[in-house]
S.K.: 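Please find one structure pasted underneath; my questions will follow.
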Amino acid sequence: GCSSNKPVENVSSNSSEPSGEAETPTTNGGEIIFGTVTETPSLDPFLEAADERSRRTVLMYEGLTWVDEKMQVQPRLAGKWEISEDGKVYTFTLRDDVYFHNGAKMTAEDVKYSYELFLDESFGTGGAGDFTAVDSIEIVDDTTVKFTLKTPYASLLAALGGRYGAVVPKGTYDNGDLKNEAVGTGPFKLVKWTPNNSMVLEKFDQYWSDERGFLDKITIQIVPDENSLLAGIRSGQIDAALLTDSKFYTMIKDNPKLNVERHPALRWTTLDFANNVEPFNDPRVRQAILKGIDKEEVMIAATDGVGSVIGAMPPAFSDWVVPVSGLENQTRDVEGAKKLLAEAGYADGFNMPLRIISSFAWMRPAAEVIASNLSEIGITVDIETVDLGVWIKDWSNYNSPNTFNEWGGFTDPDLLYYRHFRAKPEGGDWRRWNNEEGSKLLDQARVETQQEARQEIYNSFQHLMATEVPSIPLFSPDSIVVSQKHVIDYIHHPSGWWYGLTCAKVQK
Amino acid sequence: MTKPILEVKDLYTIFHTPKGDVSAIEGVSFSINEGEILGVIGESGSGKSVTSLSIMRLLKKGKTTIKPESKILFEGKDLLKLSDSEIRKIRGKEISMIFQDPLTSLNPVYTIGKQIREVLQLHRGLGPKEIDEEMINILKLVGISSPEKRVNQYPHQLSGGMRQRVMIAMALSCHPKLLIADEPTTALDVTIQAQILELIKELRSKLNVSILLITHDMGVIADMADKVAVMYSGKIVESGPVEEIFKDPKHPYTMGLLQSIPRLDLDEKRLNTIGGAIPNPKSRPLGCNFAPRCPHAMEKCKTVEPPLTTFADGRSASCWLHESDSINVSQNQTAGIGGI
Amino acid sequence: MLEVELNKSKRIENKKSMIPNWLRTLIKHKTLVVGSFFIFIFFIFTLFPTLFFAKDITIQTNSTLRMLAPSLEHPFGTDHIGRDILSRVIWGTRVSLGISVGAMMLAMIVGGTLGLISGYFGGILDNVIGRIIDVLYSFPSQILGIFIAGILGPSVKNVIIAIAIVFIPVFYRTMRGSVVKEKEREYVEAARSLGMNDTYIMFVHVLRNSIVPVTVQFTVGLAVAIQLEAALGFLGLGVQPPAASWGSILNDGIDYLLFAPWISILPGLFMVLAVFSFNLIGDGLRDLLDPHSEK
Amino acid sequence: MGVYVVKRILSMIPTIIGVSLLVFLLMELIPGSVVEQMLGIEGNNPEAQKKLEEFFGLNEPFYVQYWNWISGVIVGDLGVSWRSGDPILPTLLNAFIITGEMAVFAVIVSVIIGMPFGILAALKPYGIIDNILRVLSLAGVSIPVFFQGTLLILIFSLFFPWAPPVVYQYPWESLSQNLQIMILPAIALGIASSAVVMRMTRSSLLETLGQDFIRTARSKGITETAVIFGHALKNIWISVITAIGLEMGQILGGVVVVEVVFSLPGVGQLIFNSLVQRDFPIVIGGILFVTIIVLIINTMIDLIYKFVDPRIRYD
Amino acid sequence: MELQQTLIEVKNLTKYFPIKGGLLSRTRGWVKSVDQVSFTIKKGESLGVVGESGCGKSTLGRTLLRLLQPTNGEVYYDGKNIFDLSKDEIRKLRRKMQMIFQDPYSSLNPRMKIGTILEEPLRLYNLGTPEERKKRINDLMEIVGLDSEYLKRFPHELSGGQRQRIGIARALLLNPEFIVCDEAVSALDVSIQSQIINLLQDLQEKFNLTYFFIAHDLSVVKHISDRIAVMYLGEIVELTDKKTLFEQPLHPYTESLLSAIPIANPSIQRNRKRIVLKGDVPNPDNPPSGCRFHTRCPYSQDICRSEKPQFHNINEGNMEESEHFVACHFAKELNLDGIKN
Ligand SMILES: Nc1ncnc2c1ncn2[C@@H]1O[C@H](COP(=O)(O)OP(=O)(O)OP(=O)(O)O)[C@@H](O)[C@H]1O
Ligand SMILES: Nc1ncnc2c1ncn2[C@@H]1O[C@H](COP(=O)(O)OP(=O)(O)OP(=O)(O)O)[C@@H](O)[C@H]1O
Ligand SMILES: [Mg+2]
Ligand SMILES: [Mg+2]
């Protein structure tokens, strides 16, 4: 349902108000023009990896589950499920009132078809990695589907409703694709798409739930850049938008005509070491660098103060996070850093390459601050700007030098950590950390289905991150939701996907 | 005696350049009678063109000054005193001009027809049909074949000789009383020059127009002029009827000039030369301008400017050699002031 | 705008005493004097940045000094990460001018040499080189710069190369045009009749006389190069941080234009002044060398 | 004339081929490709990489790729975007309408400002007005357009509560909004170009006024106004048109930054963004498109000469 | 008539310039600047060439020095065909063959000091020590009548006449035997022109030079030359010693040329009969058929239109009379006027 999610400013404790309708009188229906800067290359929920796609497809597609704005897995197309004792068999009971946008009723056949796409290597979906644990998917009856796993896999539920979670009619890919159309079960259906201009969605009348999908029409309007977005909001040409450039927060937070909210995000920024390269293969050096950096200053420079310094996990993971104050090496300590360097044999410092990506605006000021910080412990930072393409190429080929990185959008700690920090071949380990202890922890957490035990393991892992420092998490920029006063109940989701629009209403 | 149509008296023209004033013309006086051709000859830079532009008042106002005592009398009117609009009524109608380079002197982007028509419209106020007739007549007069076709052509489509004919047609289209021709044939080949000179002669007798013919070619002068004025460094050093000047030049410069050109009709072994070069108008010598190059120069020449000495038959020269030959010069005439 | 036209002979009339003439010329060409004066100052900045207001270290960031408006302490204010802008602008002079001068030199040497050869020998060689240059020339200049900077990766050296490549056609054309005109002059024929070979004539005689419009092009080109560098910096393809060029400082401030306009505006004006000065010099030179000018 | 036009058009072909080859080569040299970007960091999957490369034909040798592409171009098929799968020609045309409109407006502004001032300056060369105008025009060319644009935007948002519409509207969609969007870029670009037009007008008018045929015209007794507007001006059109043409090329060569500053989704942005995303077909198609436009402008200027200047003969 | 040694022999020398145009700049035609020209120049003589603008005088002169490659034909210098010489040999020969140019403004490199301009050839040929070179240059300056102070100046700091003297000095530097003077005095004012003409004559006497003297001014050519060639549209139409040419021209073109030149003596000039030619000089890229002069010739007949007249010595075999080459079908019939003194 559409629960309310309080912005950062007034997060008191862990507010877990029950989900419910808004109290202010509203009318169903109405239209919203939602502004955004980037267009999605295609709409395919399985084949398109771009985050821009996920933002939009959550309005049109649904998975068996979904992860709500408090990072809890909630039922969606599956009304409920059971997990076997050994954690290897998941049995889902499907809702039987779900219809596709083409009018067909959703059945177990469709669910099996949709999730089996991940098991078909030749299909080539980028989501396959989240489902490697799945052995088979069977139809028990019309409304029951059984997933059998090779090994226990705690984040299966999150994966089912994550980035790639979508149920489409059986046989969709037999003669066509979903690049330019959308046949899902979501509350909105695609009416018209003019790439690089606008996408028009309308309320799906046969939608199964009345807790979502209040608007009659959503127009997703592409504007050239965030400046224009801001101008559009100020002049009332645009009703709501999600800004990624936190600088704008300062500019509009006091605007009386607007609702402006800051939310912690799932995205985080890190300084990733090339852990196999001298001198960064020495944990003492990495620790020294961590001690040498003033994360607060970096955060302020990069986000204009509209973000939060992080320890080892993005803040939106709320309950999973070990607070910065509880982690080692997080406060700046120039002397300590120098000592560590001396111990490691680098008393005179060295030159440290640091790669930044030209299209990420925050990286430059952050790099400049880090260069300034580290110059005090004798390290000269050589900043190198590269194009995203070059960055990706080197990164995925394990050739990248120390680099800034911005990633996230994962809705579960396993999804967040495993691929990145588990040694090869199970994980990606692009930082070439190759740490046994870390890998062991991640493996354990993966098969652990008990929440507390899982939490415990991830706590240890976060401490390991802070002492071993394969990567320095820097900060997480807040997402900024801006809307006209008449737009209400836009519930921001930490992923940055536009779940909020399924809840939004227009006040007359 | 015919009466003078143009009298130039004591013309002083000064250019104001960023590098200082250049006095290009220093006291030039001459006159042209009705139907007469006055040839002005002199080396490059002696002030021939400036003289003609001064007459037409075509020099830039802010950048040049003509001394107030100068007079240019055209049919008794002082051109220098006329207003801009009055002088414009004279230009092209009463006095017209042709120039050395007929290609650059015609507007390249207009047909020759348009350029001739323009004058006719401006000064003769004819209707369109009459203009066209008149234009064809004039072009025929200057010897252009199939003028109906030519009027629609652009200058670059004509040959050099033809262009000069067009210039002449344009100049004569309003039957001016005076034609100023500034080196009209210098840019042309000899055979074409001969054609143009013949044409000018012919038109002169047909239209009874007076001509101020500027050239540096002694041959052209000998062929065309009735009277000659020899210019040197901003002054007229000698003038008189053409035969006399060629037969018996008074001024050493004229003598030198005549002796220094190779002649088709003579077999000289060696040419006589005038040593040195024309002085820079910014730093003219004291005394006689020609003194530094003059084989007969005396001490006096180097310090005091010779007066213009007038001889019989309307001849005059400014040279100390002839101080005593003068027939009617007042003995106490001060140096530096010339006059007829 | 890029191409400079110069005409015919540069006769200078009589000449008596050296110094007054030289002085007179300068006084007459005020633009030249004013332009040179500013450029002189810029070069002083380049050579001795610390002599002026510039602090030694311009990379030191300080989150407590962010975006301070101009004051006595920080005459140009501070930027978004707390650095003194005036210092960065003065240090940036070195980078920006260095890039522009370097790029123009490179372009002049390459483009000029090609133009010289092409213009002097003519024929097929001229056709082939000309076609290639045409191709470069018809390329949208910023895209070309971006391409080259993209291929080589951003760094001072590569920005120089990128800008130089954009300018090669300009110098080629200027030089070629001038050579084609010069080689028809009789002194070339005279040299040939004395038995000098083509290479000698080309480099000793023709080059010497064709170089004038190229030098004017050089100053005007500098003005454009500064702008192009700024444009590349603006698109994030300039020098590597934390080093600063005028373009990159300007770029830093664009996002803060509304609340800290000084970050962009002041360096921008600095850049404009430099461009203006080079244009003044170019204009003055053109005037000085153009026989048509009525001065 | 007709033959000449055809010849002129044919003579563009080698340049066009050269430009396309060069873009191809540069694209080959530029590190990173669309494939990696599309696969993202998950792309460490040689299978998928190969598949994508095959799909885009990137596994073929350079010349085969080129041939495949150019044979499409000849029949008017510029291919489809690798990212969106859209056909490129319509995409480019849509974007170019914006760029073209901007350039045309800019040129109009530049002529409206530049020519009268140029004439004014030439009337009294080196006089006070001339000197002021000369310095102003130098200042005009000295301010980079993107900086000028930035200043304009700043001034407008500080002093006027007015902001142009954020989404580009084609003139036929909403003329008034379209004009509102275009006004700032047109002014910024126009001012920079007007300086060039002014200088060109001034210097060629001055040169023309010093020529013999002007003396002839004056000697015919024509008024000074008629001399300038009748005789001199027609001669300088050539230079002014050249200046305008060059400015057009200049504007089109520098559209990227301008469009970024003014947030116009024109060709420059399209090419730049596609370049960043390594969307090869759009980049090459776009550059080819712009090149051809520039060449066409040059050709048109050439042809306009024919009407303005009878001296140029075509044979 | 004393027999002089032949220095240069020109045989059927032809120079066409291509007219380029079109898409691939193909050659679309030829400017026939010099067409099948033959003559000899004897040691120590001055051969003058006259003709109207564009008739090929300069082209002929430049081809003679191999500054242009001929389309066809040979030029023998001291018996050797200069077009067969290797690069080295021609370089050596260049010392003996020099040129003086028309435009004193553009024939000196404006950015070199006079001293450098004069030293350059010596340096190039490695002649003498620096002191010897200096001396040689000073000597030459004296010969051409200039103060050696001028060596420190740039060309623009000299007057036209002075510049032309420098051009002459440069031509003399390497002790040449043969000098082509291409309109060497045409650009000068009459008073300066006479100085230069005298200088050229003095030098010829002093150094036993051979001149190929190009001018469009017949009176200048007449003054300086022993024999004169008259060119029309790329061809030599008449060639003989100057006295004969002026008194008994055989070609109608020569006659009209002579009559077109005004004589600086009013009493003679005004009594002359002037033959005014019709029309203009035709284009050399499309010369008239037959005799090229027939379009303007007052005596032209049908044969002139169709048949090209031979360029031949009318006094062939007649040792009494000097050679008189002419290319006219009616050379013997017409009784043309020359200039009588
Ligand atoms: N616009 C001007 N500014 C300064 N000085 C000038 C100007 N026009 C002419 N002069 C000077 O006036 C003098 C006379 O020039 P003018 O053109 O009358 O000579 P000219 O006798 O016509 O020579 P030419 O035979 O070369 O035409 C020259 O010394 C020249 O330098
Ligand atoms: N380099 C060249 N390319 C093409 N045509 C040429 C070239 N040089 C000369 N011509 C042509 O050859 C013809 C003869 O030229 P040339 O210069 O020999 O004539 P000229 O008798 O010296 O004329 P002038 O008296 O004007 O100097 C002319 O029609 C000219 O246009
Ligand atoms: Mg004159
Ligand atoms: Mg010649």
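Chain A is the first sequence line, chain B the second, and so forth, proteins listed ahead of strands; every chain is numbered from 1. Quick caveat: nothing in here was measured; it's all calculated off a predicted structure. Both backbone and side-chain heavy atoms feed into the values below; hydrogens, waters and symmetry mates do not.
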S.K.: Taking side chain as everything from C-beta outward and backbone as N, CA, C, O, which of these in Ile132(C) sits under 4.5 Å from a heavy atom of chain D? Side chain, backbone, both or neither.
M.R.: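 It is neither, since no heavy atom gets under 4.5 Å.
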S.K.: Atom CE of Met271(C) and atom OG of Ser142(D): how far apart are they, to the nearest 0.5 Å?
M.R.: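 One finds 10.0 Å between CE of Met271(C) and OG of Ser142(D).
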S.K.: Based on non-hydrogen pairs under 4.5 Å, which of Ile16(D), Thr150(D), Val145(D), Val290(D) is most in contact with chain C?
M.R.: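 Of Ile16(D), Thr150(D), Val145(D), Val290(D), Thr150(D) has the most heavy-atom pairs under 4.5 Å with chain C.
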S.K.: Identify which part of Val260(D) has an atom lying under 4.5 Å from any heavy atom of chain C, answering side chain, backbone, both or neither.
M.R.: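 Only the side chain of Val260(D) comes within 4.5 Å of chain C.
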S.K.: Could you measure the distance from the CG atom of Asp134(C) to the CG atom of Asn298(D)? Nearest 0.5 Å is fine.
M.R.: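 If I round to the nearest 0.5 Å, the distance is 9.5 Å.
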S.K.: Tell me the closest heavy-atom pair linking Gln227(C) and Val141(D), and the distance in Å.
M.R.: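 Looks like NE2-O, 3.1 Å.
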S.K.: Could you give the distance from OG (Ser138(C)) to CG (Leu252(D)), rounded to the nearest 0.5 Å?
M.R.: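 CG of Leu252(D) is found 12.5 Å from OG of Ser138(C).
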S.K.: For residues Val272(C) and Pro144(D), determine if any side-chain heavy atom of one lies less than 4.5 Å from a side-chain heavy atom of the other.
M.R.: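 Of all side-chain heavy-atom pairs linking Pro144(D) with Val272(C), at least one is under 4.5 Å.
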S.K.: Is Leu269(C) close to chain D through its backbone or its side chain, or both, or neither, when contacts mean heavy atoms under 4.5 Å?
M.R.: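 Interface part for Leu269(C): both.
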S.K.: Does a sphere of radius 6.0 Å around CG in Leu25(D) hold more than 12 heavy atoms from other residues, nucleotides or ligands, not counting ones at 6.0 Å or beyond?
M.R.: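 Yes.
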S.K.: Measure distances from Leu280(C) to the heavy atoms of chain D and classify the residue's part below 4.5 Å as side chain, backbone, both or neither.
M.R.: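 Contact with chain D involves both backbone and side-chain atoms of Leu280(C).
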S.K.: Got a second to check how far Leu275(D)'s CG is from Ile146(C)'s CD1, nearest 0.5 Å?
M.R.: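 These two atoms lie 7.0 Å from each other.
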S.K.: Pair Phe147(D), Val275(C) - check side chain to side chain contact (heavy atoms under 4.5 Å, CB included), show working.
M.R.: CA-CA 13 Å; Phe147(D) 187 59; Val275(C) 175; over 6 Å; no
S.K.: Please flag which part of Ala231(C) lies under 4.5 Å from any non-hydrogen atom of chain D: side chain, backbone, both or neither.
M.R.: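 Both parts, backbone and side chain.
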S.K.: Is it the backbone or the side chain of Ser277(C) that comes under 4.5 Å from a heavy atom of chain D, or both, or neither?
M.R.: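 For Ser277(C), no heavy atom lies under 4.5 Å from chain D.
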S.K.: In terms of heavy-atom contacts, does CZ of Phe117(D) have more than 12 from other residues, nucleotides or ligands at under 6.0 Å?
M.R.: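 No, because the 6.0 Å sphere around CZ of Phe117(D) holds 12 heavy atoms or fewer from other groups.
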S.K.: Below 4.5 Å from any heavy atom of chain C, which atoms of Leu288(D) appear? Answer side chain, backbone, both or neither.
M.R.: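 It is neither, since no heavy atom gets under 4.5 Å.
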S.K.: Chain C: which of Ile153(D), Val23(D), Ile287(D) shares the most heavy-atom pairs with it under 4.5 Å?
M.R.: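 Of the options given, most contacts go to Ile287(D).
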S.K.: Answer with side chain, backbone, both or neither: which region of Val255(D) has an atom nearer than 4.5 Å to a non-hydrogen atom of chain C?
M.R.: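 The backbone, not the side chain.
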S.K.: Hey, does Leu22(D) have a side-chain heavy atom less than 4.5 Å from the side chain of Phe147(C)?
M.R.: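 A side-chain contact under 4.5 Å is absent here.
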S.K.: Indicate yes or no: at least one non-hydrogen side-chain atom of Tyr137(C) is less than 4.5 angstrom from one of Thr15(D).
M.R.: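 A side-chain contact under 4.5 Å is absent here.
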